[in-house]
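I have placed the structure first, in the form of structure tokens, so that the comments after it can refer back to it.
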Amino acid sequence: MLQNFNLTKQKDLTNHVTLATGSAGLSYLLIKNDHAEAAISLFGAHLMHYQANGKHPLLWMSNTSAQDGSKPFRGGVPICWPWFGPASADIGTDKPLHGFARINEWKLEGISENADGTLIHLVLESTEKTRELWPHDFRLEFEVQVGAELTMSITTTNTGSSELRYRGALHTYFDTLNTESVKISGLGDRFYDKLTQSERAQDGDLLLTEGMDRIYTAPAAAVTFTNGYETVQLNNGNANSVVVWNPWDKIAANMPDFDSDRWPTMVCIETAVTGEGVVVAAGEEHTLSATLRYLA
Ligand SMILES: O=P(O)(O)OC[C@H]1O[C@@H](O)[C@H](O)[C@@H](O)[C@@H]1O
């Protein structure tokens, strides 16, 4: 899992959750309960590892990922928020790609143990610094239920006095045996191809035969995929799209934090709000969620 992160245990927070620090001083929660184990960084509220008992590790992490908070982690589940990809012109195109949630330190709000596992609750709130990037008051909550199933949710609460619009994603990097073993069902019949900047049709299941960067805009609520180890169902809550990304050889080789020979062992299947996004009225909230369940 995170061998090359050299994490040092600091203290037990509950019977199943330990606080650890990395060599660059970032804090991590290490979870191990009767059902599964997981690791989450407070920097970015970034889920970096999840493995249900008896199963293969679900998430892919780059061995060359930054570890000091100078960049988002490469792998796991980056939280893209409050925009997806480059910010729109009205926000400012010089803003960080995929928003600022993944490059900020979050606060641990609570840990609760339940019959199905462990629930971790992290929070990010607006500050002067976030208002310079995005002029809204908000409270963003990330909840992760670590059990035989994995559920992640981000809840956006508008704590300001005027409406806000957000886009975002749970940008999950899945570990795969190889490209040939990947098959994804339930993506719907159309997608926007970011590589050719065109609308295209999807005929049946998606096989990973080439580099791709696609926004599926009419996915089923449940997407099913095989990763060469298991068959997994991804249930998306309140997403309006699913993004599929694999950089393939040349792009991976040009990304300094992406192990250049490991692109065949990953695919991102991202639970996303893209396009027009979601408008959240003052005082209201919106939750985007993803549940992962093993079918076989
Ligand atoms: O390098 P980043 O900012 O983590 O983004 C990785 C990829 O994330 C995907 O969601 C985008 O569709 C791709 O275009 C992008 O390259």
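For ligands, and for the atoms within them, numbers begin at 1 and follow the listed sequence. Hydrogens, waters and symmetry mates are skipped; everything else that's a heavy atom, side chains included, is used.
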Decide ring pair (Phe, Tyr, Trp, His ring centres under 6.0 Å) for Tyr166 and His286; before the verdict, give the C-alpha distance in whole Å, the side-chain angles of both, and the deciding distance to 0.1 Å. CA-CA 10 Å; Tyr166 89 91; His286 180 267; 5.6 Å; yes

Please work out whether any backbone atom (N, CA, C, O) or any side-chain heavy atom from C-beta onward of Arg102 is under 4.0 Å from ligand 1, and answer side chain, backbone, both or neither. side chain

Atoms of ligand 1 close to Phe84 [distance to a heavy atom under 4.0 angstrom, numbered from 1]: 10 (O)

Between the candidates Asp213, Asp257, Leu97, which shows the shortest non-hydrogen contact distance to atom 14 (O) of ligand 1? Asp213

Parallel, tilted or perpendicular for Phe258 and Trp245, by the 30°/60° rule? perpendicular

For atom 7 (C) of ligand 1, which of Trp245, Phe258, Phe73 has the closest heavy atom? Trp245

Please set out all donor-acceptor pairs under 3.5 angstrom arising from side-chain atoms of residues 88-97, sequence neighbours excluded.
from: Ser88; atom 1: OG; to: Asp90; atom 2: OD1; distance (Å): 2.5
from: Lys95; atom 1: NZ; to: Ile91; atom 2: O; distance (Å): 2.8
from: Lys95; atom 1: NZ; to: Leu133; atom 2: O; distance (Å): 3.0

Is the His98 ring parallel, tilted or perpendicular to the His171 ring (thresholds 30°, 60°)? perpendicular

Close approach, Arg214 and ligand 1, non-hydrogen under 4.0 angstrom: no

Counting C-beta onward and ignoring hydrogens, is there a side-chain heavy-atom pair between Leu26 and Gln67 closer than 4.5 Å? no

The protein heavy atom nearest to atom 2 (P) of ligand 1 is Arg74 NH1, 3.6 Å

Close side-chain approach of Trp60 to Ser62, heavy-atom, < 4.5 Å: yes

What are the atoms of ligand 1, with element, lying closer than 4.0 Å to any heavy atom of Lys194? 11 (C), 12 (O), 14 (O)

